[in-house]
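Working notes, structure below.
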Amino acid sequence: MNVSHRRYHIITFGCQMNKADSERMAGILDNLGMTYTDDPNQADLVLYNTCSIRDNAEQKVYSYLGRQAKRKQTEPELTLVVAGCVAQQEGEQLLRRVPELDLVMGPQHANRLDQLLEQVWAGSQVVATESLHIMEDITKPRRESTVSAWVNIIYGCNERCSYCVVPNVRGVEQSRTPEAIYEEMAVLAQQGFKEVTLLGQNIDAYGRDLPGTTPSGRHLHTLTDLLYHVHDIEGIDRLRFATSHPRYFTERLIQACQELPKVCEHFHIPFQSGDNEILKAMKRGYTREKYLQIIEKIRRYMPDAAISADVIVGFPGETEAQFENTLQLIEEVGFDLLNTAAYSPRPGTPAAFWDNQLSEEVKGDRLQRLNHLVSTQAMERSQRYLGRVEEVLVEGENLKSPGQVMGRTRGNRLTFFQGEIGELLGKKVPVKITEARAFSLTGEALSLVTA
Ligand code: SAH
Ligand code: SF4
Ligand code: F3S
């Protein structure tokens, strides 16, 4: 089928993995000769890249889908695709629920979108959810930013946290080779990208499925080794990585971050709960004390490092006292940013079957108290930037305030200042911070001469 005059639209839910997958799928559609449109109602192909981490994320997908399914009744040429984690979780069932769908495809199939569409356009309704060895991506992703790029280094997750769907929907760990990662980053550098965020659900697991160990039995390929390996790529000025797991986090990694100038002083290390009993029930494999030791070590090497995390409240059986242990851990650490969530029972996860579930009311109340603490603390942490000069990598315009550009500090604080985007995009600018809010800063450029 000749699809070159066709337009597509992609709607992405969920985490950075999904965003990275969407960029690769858009690259595949571009490759087929299709063109991107901003308006889903003008598109001949609409793709939903879905998230199932919590029930509300999943429900959002169904309400969006309903609208396009209706459109298909009058426009039978419309191609409707559901990709991502809900697609993997629901598979065939999704077709029964929304028979207008043409293609249901799990995250491991993202790089095969073109082959799957070929089957669709030949007249089949396709479900692709079998587990797969992920093929190296040979298409060029259509990246949203021109400055900062995501690079997957490990797919999947071998942990079994008792609340989490990710291992069910993303499959087992599959690391890319250091060579493939290096090559992708070298191309990004040539294209003018300045910052790369290495991605994995449990990024500290990187390499353990690749062949080779050192004489002492350590894996030859670790995240730390990878950081050294890719550090010399000229043009890439900043390196970040996410998500770290407290169980696997090493001092070697902290040392590498301190030693390697391009690696930004920001750590995203979810702790999920500050109570040892709850951590055990979550099957996280570390204690509150171990987590605090990690933070202490990071601060010993890099006193100013930014620290962010994820936390869940209202896990089955969580008592008020256990919840307060979480609040207390937050008080003790002082986070720059926290992603908070009320526990949501997910299909196929152990905790969803337990009979000690808490009421929505209790969960909602705890979430509210938690969020209050989080923003107060973020506000306090922000104050330390006042009057300081921070290096800001300019990523775009501040759409809310014309004449201002926006970027991030090395600690990942969103920062705004007056400037000309045409001149500054992709530049590192020293900015004197004049205003500090909980989650963003405002400042003045010291000089427009950039590094
Ligand atoms: N791999 C990362 C997290 C991936 S999921 C890690 O191990 O930390 C992103 C976040 O969603 C989690 O950190 C957790 O805080 C939250 N989350 C996962 N499952 C959840 C559930 N069932 N209910 C509420 N929040 C959940
Ligand atoms: Fe989910 Fe745990 Fe894996 Fe993170 S480490 S993706 S929370 S199972
Ligand atoms: Fe959601 Fe899947 Fe990411 S469930 S958080 S999109 S791995």
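Counting convention: from 1, in listed order, for ligands and their atoms alike. Note: hydrogens, waters and symmetry copies are ignored here, and every other heavy atom, side chains too, is used.
If you look at atom 1 (Fe) of ligand 3, the protein N, O or S atoms less than 2.8 Å from it are C51 SG. Protein N/O/S atoms closer than 2.8 Å to atom 3 (Fe) of ligand 2, listed by chain and residue number, are C157 SG.
Between R410 and D237 no salt bridge is recorded (no basic side-chain N to carboxylate O distance below 4.0 Å). Salt bridge annotation for D304-R384: present, with a cationic side-chain nitrogen under 4.0 angstrom from a carboxylate oxygen. Taking the charged nitrogens against the carboxylate oxygens, E100 and R71 have no contact shorter than 4.0 Å, which rules out a salt bridge. A salt bridge links R408 with E395: the closest approach of a Lys/Arg side-chain nitrogen to an acidic carboxylate oxygen falls below 4.0 angstrom. For the pair E391 and R413, the salt-bridge criterion is not met [side-chain N within less than 4.0 Å of a carboxylate O]. With salt bridges taken as basic N to acidic carboxylate O contacts below 4.0 Å, none links E144 and K19.
Note on residues 29-47: pairs passing salt bridge (Lys or Arg N to Asp or Glu O under 4.0 Å), not counting sequence neighbours, are D30-R142.
Near A342, the atoms of ligand 1 lying under 4.0 angstrom from a non-hydrogen atom of the residue are 23 (N), 24 (C). Close approach to I53 involves these atoms of ligand 1, each under 4.0 Å from a residue heavy atom: 5 (S), 11 (O), 17 (N), 18 (C), 19 (N), 20 (C), 21 (C), 22 (N). For ligand 3, the atoms closer than 4.0 angstrom to any heavy atom of Q201 are 7 (S). With ligand atoms numbered from 1 in the order given, ligand 1 contributes 25 (N) to contacts under 4.0 Å with heavy atoms of A341. Listed by atom number, the atoms of ligand 1 under 4.0 Å from Q272 heavy atoms are 8 (O), 12 (C), 13 (O), 14 (C), 15 (O).
Of the candidates Q201, R54, E159, it is Q201 that places a heavy atom closest to atom 2 (C) of ligand 1. Around atom 13 (O) of ligand 1, the closest heavy atom drawn from N339, I312, D310 belongs to D310.
Remark: minimum distance from atom 23 (N) of ligand 1 to any protein heavy atom is reached at S344 N, 3.0 Å. Looking at atom 7 (S) of ligand 2, its nearest protein heavy atom turns out to be Y163 OH, 3.4 Å. Among protein heavy atoms, the minimum distance from atom 4 (Fe) of ligand 2 is reached at R284 NH1, 4.2 Å. Regarding atom 8 (O) of ligand 1, its nearest protein heavy-atom neighbour is P270 CG, 3.1 Å. Nearest protein heavy-atom neighbour of atom 19 (N) of ligand 1: Y163 CD1, 3.3 Å.
For the residue pair E159/Y248, the side-chain donor-acceptor check at 3.5 Å is satisfied. A side-chain N or O of Q328 and one of R288 form a donor-acceptor pair less than 3.5 Å apart. Side-chain contact check for Y228 and E259: at least one donor-acceptor pair (N or O, by modelled atom type) lies under 3.5 Å.
Geometrically, ligand 1 and R284 share a nitrogen or oxygen pair separated by less than 3.5 Å. Looking at ligand 1, you won't find any N or O of R346 less than 3.5 Å from one of its N or O atoms.
Ring geometry for Y286 versus H245: interplanar angle over 60°, hence perpendicular rather than tilted (30 to 60°). Classification of the Y291-F271 ring pair by plane angle, with boundaries at 30° and 60°, yields tilted. Note on ring orientation: taking the six-membered ring where Trp is involved, the planes of Y182 and H229 are tilted (angle from 30° to 60°).
No option in C164, S273, P316 other than S273 meets the side-chain contact (heavy atoms from CB on, under 4.5 Å) test with M282.
Ring centroid separation for the pair Y163 and W354 does not come in under the 6.0 Å cut-off.
Residues satisfying the side-chain hydrogen bond (donor to acceptor under 3.5 Å, both in side chains) test with H268, not counting sequence neighbours, are S308, D310.
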